[in-house]
There are 4 protein chains.
Amino acid sequence: MNHQMREDIINATIDLISKHGFHRAPMAKIAQRANVAAGTIYRFFDSKDDLIGNAYTCLEQRMRSAVLDTFPEYQSIRNRYQHVCRELVNYFLASPTEFRFIEQFFNSPYGATTRRERIRCDNSIISEIFLEGIQQRVVKNLPLPILNSLTFGPLTEICRNHVLKYFELNDHVINSTVEACWDAIRQQ
Amino acid sequence: MNHQMREDIINATIDLISKHGFHRAPMAKIAQRANVAAGTIYRFFDSKDDLIGNAYTCLEQRMRSAVLDTFPEYQSIRNRYQHVCRELVNYFLASPTEFRFIEQFFNSPYGATTRRERIRCDNSIISEIFLEGIQQRVVKNLPLPILNSLTFGPLTEICRNHVLKYFELNDHVINSTVEACWDAIRQQ
Amino acid sequence: MNHQMREDIINATIDLISKHGFHRAPMAKIAQRANVAAGTIYRFFDSKDDLIGNAYTCLEQRMRSAVLDTFPEYQSIRNRYQHVCRELVNYFLASPTEFRFIEQFFNSPYGATTRRERIRCDNSIISEIFLEGIQQRVVKNLPLPILNSLTFGPLTEICRNHVLKYFELNDHVINSTVEACWDAIRQQ
Amino acid sequence: MNHQMREDIINATIDLISKHGFHRAPMAKIAQRANVAAGTIYRFFDSKDDLIGNAYTCLEQRMRSAVLDTFPEYQSIRNRYQHVCRELVNYFLASPTEFRFIEQFFNSPYGATTRRERIRCDNSIISEIFLEGIQQRVVKNLPLPILNSLTFGPLTEICRNHVLKYFELNDHVINSTVEACWDAIRQQ
DNA sequence: GATGAATGAGAATTCATTCAT
DNA sequence: TATGAATGAATTCTCATTCAT
C-alpha cells in the first residue's frame, strides 16, 4: 500500500468536493488531480462512497490533532474550554477547503449517521470539561449534546461566514464569540 | 400556470433531496412522486438547479410565515427574541424534511452564495431586536452576524440532533437552550 | 379552414428551419412565431414531416409564379433561357430564407425523393426550351437532366455564395454567369 | 487514442446521417453501428456537433486525396481541369454515402460557415488552374467563385441525380458534362 | 375550431466502475 | 501493481403530439 498515493487521492477528493459538491466531482477528475489513474483509486477504496467516508475519517484525525496537540491539560475549566474553541476556529480558518468538505458531509445523507461531536473534538476531552464543569457548578447542568451545540454551533457558523466571505473574522471578534459561548454554558 | 402542480413538484423535490441528497434525486423520481410527467417539471423550472433554488426560496417563505405570523410586536426585547427562537425550533421539529433540505442546501455549493440569515428569519425583524437591544445596553455590542451565529448556531444544532434522533428534545430542554442563547448575547 | 393561419404556419416553418435546421425548429416555436397554439398546427398538417413537405410544396408554387409570371413566350430560345435563369436568381436573392429552406430540404432525406427540376422551374417550360433548342441544333444534344444540371447547378451555387455572404453578386456578374451557362449548353 | 475506433465512429456517423439526416441519427445508434459503447464516442468528440464537424473534415481529406493523388501536374490547363472534374465525379459515384453526407452538411446550418470550395478540391490546385487559364486567356476572366460554381455546380448536380437514381451516369455522359463545363468557363 | 398545458418517449451526455495490458 | 481506455446504466432535458377545456 502506497500511503502517499492514498493521501493524494483523499486530498484531491476533499478539494474537488468542497468546491463542486459530491456530484460534479467525478472520479476521473479526482484521479487526475491526485496524479493517479482512475482505476488506482479502487485499489484503496471500494467505491466513491467509501472514498468519501474515508476522506471524512481522515479529516477527523487531522482536526483532533490540531485541537489536542497543544491541549493545556492542567488549566482551569474555562481556559481548557476556550483553548478548544479557539484552536477549532483557527484550524477551520486555516483550512477552509477542509471546513467546507466537513460541513457538506455532515449535512448530506453521507454524514447523517455521524454524530457531529466526533469530529469536532475528541469526545472524552470536551465531555470531560463539561462534566467537570457541571460537577463544580461552573457549567450549567444541561445534557452534553446541548452544551456541545451551544459551543460548536456558533463557532461553526462564524467560520462559515468567514470562509464564504460574508463576515471577516479577526482575533478580537473570535475572542468575543468564544467568551459569549462561555457565557451561554456557564452557571450564571 | 397550475399552482398546485408547482407545489407538488417542489414538495417532491424537498422530500427526495432531504432523504437522498442532490444527486440520487433524479428528475424522473421527482416527477413520479409529484404525480406529473418528467417533462412537466420543465414547464415550471428551467433546470434542476433552478428547481432546487426555487424549492429553497419556497421554504424561506414558509419559515418566515411560521416565525412571524404570531410575532409579539410590543413585548420586551427578551420576549421577542425568545419567541423567534422557539418558533423557529418548533417549525423545524414539525418539518424535519424541510429542515434537512435547508441544511443540505446551505452547506452545498448551491447555497454557498446565500446568507444564512435570510432564511432563518426576516432580517428586519431579528436585526431590529438586536439593534434595539444593543442600544438599550441589554445586548452585547457585537456585530450582527456574530449575534446571529450565537443564536441560530445552537438552535440549528439541537434540531439536527433531534431530527437525526441523536438527542430528543422537549419543551424544557428547548427553553433551557433558548435561555442559554440569551445568556450568550445579553450584556452580562 | 383558415387559410391565413395555414400560411402563417408555413412561413414560420420556413423561417425557423432555414435558420436552425429541421431539428432545433420545435413545433412549439413554430406555433409561437405563427401566433397560433401548438395544437392548431395539427388541424392543418398531420405531423411535422407533413408540415415540412407542405412548406416545400408551397415554395414550389411561389417560385413557379416568380419565374413564369413574366415569361416571354414568343422570344428566341436564348432569350427565354436567359429569362428563366435570371428570374430564378432574382427570386432566390430576394428570398434568402426560402432559398436556404429549399436547399436544406433537397439535400436532406426529406427531399431525397423529389426531383430538383420540379421546383426550379415548371418542367414543361424549361424542357420545352431545351427540346426546341436541341431540335434547332442551337442546344447540345444532351439528356435533359444534364442540361438542367448545367443550368441550375451554377445558378444555385452562386446564390448560395451570395446568401451566405461569401461572394456578393451584382447584375453584371449574374449576367456573365447566365451567359456562361448558355455557353455550356449551346451547340458550339 | 485508438484510431481504428475513431474511424469506425466517423464512418458510422456518415452512414447514418447520410441515410436518415442529422436528427434521426441518435448517438446511441451511431455507437451501435460503430461497435462501441455510447460513452466511448465522447472520448473522441466533445459533442454530436463536434462529431459531425470532424466527420466532414475527415471526408474533406479523403476527397482531396482522391482528386490529387493522380494529379497530372505538367499537362495542359484543359487536361488538368478535366482531370479534377472527372476524379471528383468518380469519387462521388464510388462513395454515394459520403456524397450524401457532404451535400447534407453543406446545406444545413452545420455547414453554412464552410465555403464549398474547400472540400471540392484543394484550393491552391483548382485556383491555380483558373488563374493560369485567365492569364493565358484560355479561361474567361470571371471571379474565382463564379468559375468554381460553373464547374462544381453541374458536377454535384449530376452526381446527386445518379446517386438518387434519377438519371444514371456513364463515362460518355460524364465526359460530355465535363466538356460542357469547360465550354462554360473557357474563353469563347 | 382553437387553445396550450401536460405528456412521456427518446435524445445527448455523464461518470462510477471494470479489466486487458 | 498501476494504468486509463472502454463501458453502459443512469441522468438531465427536449419536443412532437394529444386532449380537456
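Residue numbers begin at 1 in each chain, while the letters A, B, ... track the order of the sequences.
Using a 30° and 60° split on the angle between ring planes, Tyr56(D) and Phe106(D) fall in the perpendicular class, above 60°. The aromatic rings of His23(B) and His23(A) lie parallel to each other, with less than 30° between the two planes, well short of the 60° mark.
Contact annotation: Asn2(C) does not reach the phosphate of dG1(E) (side-chain N/O to OP1 or OP2, under 4.0 Å).
Judged by Watson-Crick or G-U wobble contacts below 3.5 Å, the nucleotide dT21(F) has dA2(E) as its partner. Taking a pair to require two hydrogen-bonding distances under 3.5 Å in either a Watson-Crick or a G-U wobble arrangement, dC13(F) pairs with dG10(E).
Along DNA chain E, the nucleotide nearest to Ala37(C) and the one nearest to Asp46(A) differ in position, and the one closer to the 5' end is contacted by Ala37(C). Judged by closest nucleotide on DNA chain F, Ala38(B) is the one of Asp49(C) and Ala38(B) placed further toward the 5' end.
Counting non-hydrogen atoms under 4.0 angstrom, Met27(B) reaches the backbone sugars and phosphates but no base.
For Arg43(B), the side-chain atoms get nearest to dA6(E) when compared with the rest of dA6(E), dT11(F), dA12(E). Minimum atom distance to the side chain of Met5(B) is reached by dT7(E), of the listed dT14(F), dA5(F), dT7(E). Distances were taken from every side-chain heavy atom of Lys48(A) (C-beta onward) to each of dT7(F), dA16(E), dA16(F); the shortest belongs to dA16(E).
We find that OH of Tyr42(B) is positioned 16 Å from P of dG8(E), with the value rounded to whole Å.
Looking at heavy atoms from C-beta onward, Tyr110(B) lies in side-chain contact with Asp49(B) at the 4.5 angstrom threshold.
Annotation for Ile9(D) and Ile41(D): closest pair CD1-CA, 4.0 Å, computed over non-hydrogen atoms.
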